Engineer: 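Take a look at the following structure, please.
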Amino acid sequence: MKKRMDALPKNAHYQYMFADIAREHFQSEGLFYIDLWPASGMMMIVTSPLVAAQVAQTNTKICYERASMLKRFFKPIAGGPNLFDMTEKEWRPWRAVFSKGFSTDQVTSLVPHVLRETVVYKERLRDLARKEEMFYLDLITLRFMMDVMGQTILNASLRAQEGYNVLADSMLSQIRWHQPNAEANPLGHVNVVRWIVEWWNGQQMDRYIGRELDSRFSDYKSGMSDKRQKSVIDLVLQAYIAQSGEHKPERLDPEFRAFAIRQVRLFVFLGHDSTSSTICYALHLLSQNPDTLKRIRLEHDQILGKDVSKAATLLGEQPKLLNELPYTTAVTKEVLRLFPPAGSSRQGKPGTSIQDDLDAVCPTDDVMMIWTIHVELHRSPKYWKCPDEFLPERWLVEPTHELFPVKDAWRAFEYGPRNCVAQGIVMTELKIILACLVREFDFTPAYDEWDRLHPTKGSKIYRGDRAYQMEEAAAHPVEHYPCRVFLREN
Ligand code: HEM
């Protein structure tokens with residue numbers, strides 16, 4: 001394993017190691033076992049749509065529960081048990097509660113807010129274009145997404161794009177300090193400085209969210225809060241009040257308060273991290289594919305009019321126009337195919353097996369984590385024509401076309417009961433951001449410049465791209481995507 005890790009470029013995400021093993025040795029089977037003892041235990045690596053569908057959708061003994069070793073990954077982020085790592089019984093009622101925050105109506109109601117934050121983001125990009133500086137796109141985009149998510153989660157703006165915000169900055173710091181492959185390597189926890197930083201950030205986040213919860217709870221008690229609000233913090237409080245029946249609670253039960261804080265912390269993390277990475281990859285892939293860039297710009301001209309400065313206002317007035325951007329949708333799906341920011345994991349169960357692509361029965365009894373590696377599944381030549389090429393057209397062709405995707409091979413948000421609860425809002429946000437950005441700016445990666453400033457030995461390309469993924473909680477473009485931005489003349 002060490003030899004394989006060493007063969008990867010510096011900082012490359014460790015999932016590539018499993019992807020390479022699958023590609024070289026287990027393409028026909030679509031899964032393999034690997035024993036990571038003594039670091040952790042037996043893993044089952046899945047890279048086939050048929051196997052992934054059993055794991056996440058059809059095998060009801062497996063599909064409801066994530067690997068329990070994920071708790072180690074999420075502890076510093078959420079502070080303890082949360083919607084993501086809950087067992088099936090605990091998870092069911094809370095999934096139903098939080099799903100309301102991501103309904104189609106709720107997503108539509110959030111569009112004006114996403115647009116407002118996008119305007120601030122664009123102003124920041126204009127400023128960087130004027131300064132002609134190299135900058136890290138992922139770092140400013142993470143702050144942008146924090147602000148976008150503020151409304152969805154806390155029903156408030158964090159204003160992280162404008163400066164320091166305790167919650168946003170503590171979470172960002174927590175992620176920077178997050179131990180890579182924390183779920184699989186308990187020994188990495190032996191780092192005293194990390195412990196202290198994680199503890200401090202945790203305290204800061206808990207205090208901030210706790211204050212918000214207390215103040216919203218008093219609003220609910222005094223009847224000042226609108227019970228139709230559907231941000232995560234509103235939903236958790238409404239569920240608490242509803243479950244207490246006739247006797248409305250005078251104060252928040254401390255145990256429930258701690259539970260609610262953990263759910264908000266989880267959503268703050270999930271809400272900003274993967275989407276930021278996807279925005280960076282969208283702008284990167286468009287910068288490398290001029291014909292696609294031309295075509296997406298043409299679609300925006302046709303649907304939103306040629307006056308770029310009016311796009312945000314128009315979308316605010318007519319959010320339904322977002323449904324008339326099929327090419328933009330195809331671009332976002334193709335970005336998520338090539339650079340999925342997350343994977344999917346489940347816990348093996350005694351007496352439960354799944355079948356591989358050669359019909360062999362594969363027991364999951366001793367499997368600590370069944371891990372579907374989207375990055376390999378999405379690029380396997382077994383399922384995709386021209387797997388490493390950025391071809392949004394594949395999402396628009398007829399089923400008889402050679403580019404037409406194989407069923408279930410694209411799983412960026414996963415399928416099944418524990419799929420991504422927020423995929424509707426994510427797709428809407430991505431379309432808004434592309435519609436507001438791509439006609440105004442040109443981006444160019446600045447890895448050459450970065451490499452001159454930070455010389456290191458060894459390979460710097462993975463599967464044809466310098467902007468390969470690194471692990472920083474979700475998968476992000478390595479070095480946070482050093483780049484330059486230019487204002488386009490319209
Ligand atoms: C590009 C953006 C995103 C991608 C690609 C993505 C992908 C995923 C994936 C692959 C899973 C695991 C599904 C499984 O194991 O079956 C997941 C779960 C989840 N995601 Fe997302 N996600 C994104 C953004 C978000 C956002 C913005 C939020 C919240 C605001 C969110 C909230 C969640 C939650 C709560 C779960 C756990 C659902 C459950 O266990 O019931 N995600 N996501």
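The structure displayed is predicted, hence computed values, not measured ones. Remember, it's 1-based here, ligands and their atoms both numbered in the order they're listed. Values below: every heavy atom of this structure, side chains too, minus hydrogens, waters and symmetry copies.
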Engineer: Within a strict 4.5 Å, meaning less than it, do heavy atoms of the M369 and Q347 side chains meet?
Structural biologist: no
Engineer: Charged N to carboxylate O under 4.0 angstrom, D147 versus R116?
Structural biologist: no
Engineer: Taking only Lys NZ, Arg NE, NH1 and NH2, and the carboxylate oxygens of Asp or Glu, determine whether E212 and R216 approach each other closer than 4.0 Å.
Structural biologist: yes
Engineer: Check this for me: does any side-chain nitrogen of one of R159 and D169 sit under 4.0 Å from a carboxylate oxygen of the other?
Structural biologist: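 No.
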Engineer: Write none if no such pair exists; otherwise list each N/O atom of ligand 1 with its protein N/O partner under 3.5 Å and the distance.
Structural biologist:
from	atom 1	to	atom 2	distance (Å)
ligand 1	15 (O)	R66	NE	3.2
ligand 1	15 (O)	R66	NH2	3.1
ligand 1	15 (O)	S344	OG	3.2
ligand 1	15 (O)	R346	NH1	2.9
ligand 1	16 (O)	R346	NH2	2.7
ligand 1	16 (O)	R418	O	3.1
ligand 1	40 (O)	R66	NH1	2.7
ligand 1	40 (O)	R66	NH2	3.3
ligand 1	40 (O)	R418	NE	3.0
ligand 1	40 (O)	R418	NH2	3.4
ligand 1	41 (O)	W91	NE1	2.7
ligand 1	41 (O)	R95	NH1	2.8

Engineer: Using 0.5 Å steps for rounding, measure from the CZ atom of R418 to the OH atom of Y64.
Structural biologist: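 OH of Y64 is found 10.5 Å from CZ of R418.
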Engineer: I want to check something: taking the side chain as every heavy atom from C-beta on, are Q27 and S380 in contact at a cut-off of under 4.5 Å?
Structural biologist: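 Side-chain contact under 4.5 Å: yes.
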